[in-house]
Structures are given as C-alpha cells and as structure tokens.
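The next block holds one structure in the form of structure tokens; read it before the comments.
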Amino acid sequence: ISVSAFLLNRSSDLLVEHTITTFITELTGITENLIAAAPSPEIVFSNLMDWVEMKTFPEKPHFYCYGNSDKQFVRTNFNDCKTMKASMMLSYLYTDLEDYGDKVKTHFGLNQNVSLLKVYNYCEKTDVKQSHNALEDAKMLCKVAQYISKNEGEFEKFPEYKEIIL
C-alpha cells in the first residue's frame, strides 16, 4: 500500500499541501499527479479490509514491515480515521504488524539493523538499486522472508558485519 505522501494538519483537520520535489519524484516515482489521483487512506484501508475478509486463508494472515516507520504510519492513520471499516483494518494491522528486521538480525547474527535492500541483494545474489516504492519494498521483504524460511536453523554471518549476537 503506497499511501503516505501527505500530512494532516491536526489543528484544523485540513490537508496541508506539500510539493513533491524533483528529488522525491526521481527517488520514488511519485508525482503530483499520482498524489492528486490517489484514494484517501480511509478508502485504501477499507478496500484492504474487504480483500482480507474475502480471501480464504489457511490461517490468519500476518503483516510484516521492515523498521518501525510503518507502525507509526498505521497509528497516525488510525487516529485520523473516521470510518469503522478502515479503523478495523488499521487496528488489525497495528496489533499484528511485525518488524521483520528482528528476524533478519537473528538469522544473520547481527547486533544492528541493516537495510532491506542490502539483505535482499545478499539473499537474491543480485545488485539492484532501490526505487523507494512501497510495492517494491514489499516484494523485496517477501523474497527475504522466503529465503530466511528456506534456510531456517542455518546460521549465516552477514558479510558486512563482524559482531554476532550470542
């Protein structure tokens, strides 16, 4: 879900306009036109709730992020939410959202965080450049999770970091 290119002015509940700079567009591919055409977070999270309810999962779905900024994003949107369905989805996300970075640190014996891109490139034996796009980040995290799941129980020392957790 790519939904965070605006800020809410809490004192007046009006959207505060922010210019999408050339730097942001080059980094993320997000443009003023994309923002103008994007649905509100309430619509996005309501639609996500519909999707989760309609899917038949063998078990309850889990939601992962990499780092803590996504949890803050969910909390902020929950506080500003005005519809029940979106509030339910945001609540579900907030209580279930797990930072996969902890699993990465444990698997590779790291005592510090390492960027998702570095981990992805290591796991996939590639050297892609990050597009800073939420969908691309989600795909990378999925590949990292599959790699760690496939190699569970095997200790691997991440090449850049020498200290390990004992």
Can you give each donor-acceptor pair under 3.5 Å made by side-chain atoms of residues 88-95, sequence neighbours left out, with the distance rounded to 0.1 Å?
unit_1, atom_1, unit_2, atom_2, d
Tyr92, OH, Pro61, O, 3.2
Tyr94, OH, Arg75, NH2, 3.4
Thr95, OG1, Ser91, O, 3.1
Thr95, OG1, Tyr92, O, 3.1

Atom CD of Glu98 and atom SG of Cys65: how far apart are they, to the nearest 0.5 Å?
8.5 Å
Check side chain to side chain donor-acceptor pair (under 3.5 Å) between Lys85 and all other residues, then give those that pass, not counting sequence neighbours.
Asp50
For atom NZ of Lys143, decide whether the heavy atoms of other residues, nucleotides or ligands shown that lie under 6.0 angstrom number more than 12.
no
Is the ring pair Phe108/Tyr147 parallel, tilted or perpendicular, if the boundaries are 30 and 60 degrees?
parallel
Under the side-chain contact (heavy atoms from CB on, under 4.5 Å) test, residues paired with Ser149 that sit two or more places apart:
none
First locate atom CG of Asn111, then atom NZ of Lys105, and finally report the distance between them rounded to the nearest 0.5 Å.
8.0 Å
Quick one: list whatever passes ring pair (Phe, Tyr, Trp, His ring centres under 6.0 Å) with Tyr100, sequence neighbours left out.
Tyr64
Say whether Phe23 and Ile35 are linked into one hydrophobic cluster, either directly or through other cluster members, by side-chain heavy-atom distances under 4.5 angstrom.
yes
Taking the side chain as every heavy atom from C-beta outward, state whether Ile20 and Thr31 have any atom pair closer than 4.5 Å.
no
Sorted by chain and number, sequence neighbours left out, ring pair (Phe, Tyr, Trp, His ring centres under 6.0 Å) with Phe78 holds for none
Mind running side chain to side chain contact (heavy atoms under 4.5 Å, CB included) on Tyr66 and Asp137 for me, showing each step along the way?
CA-CA 9 Å; Tyr66 199 82; Asp137 289 350; over 6 Å; no
Heavy-atom neighbours of Met84 CE exceed 12 at 6.0 Å:
no
Can you name the side-chain contact (heavy atoms from CB on, under 4.5 Å) partners of Glu42, sequence neighbours left out?
Ser40, Cys81, Lys82, Thr83, Ala86
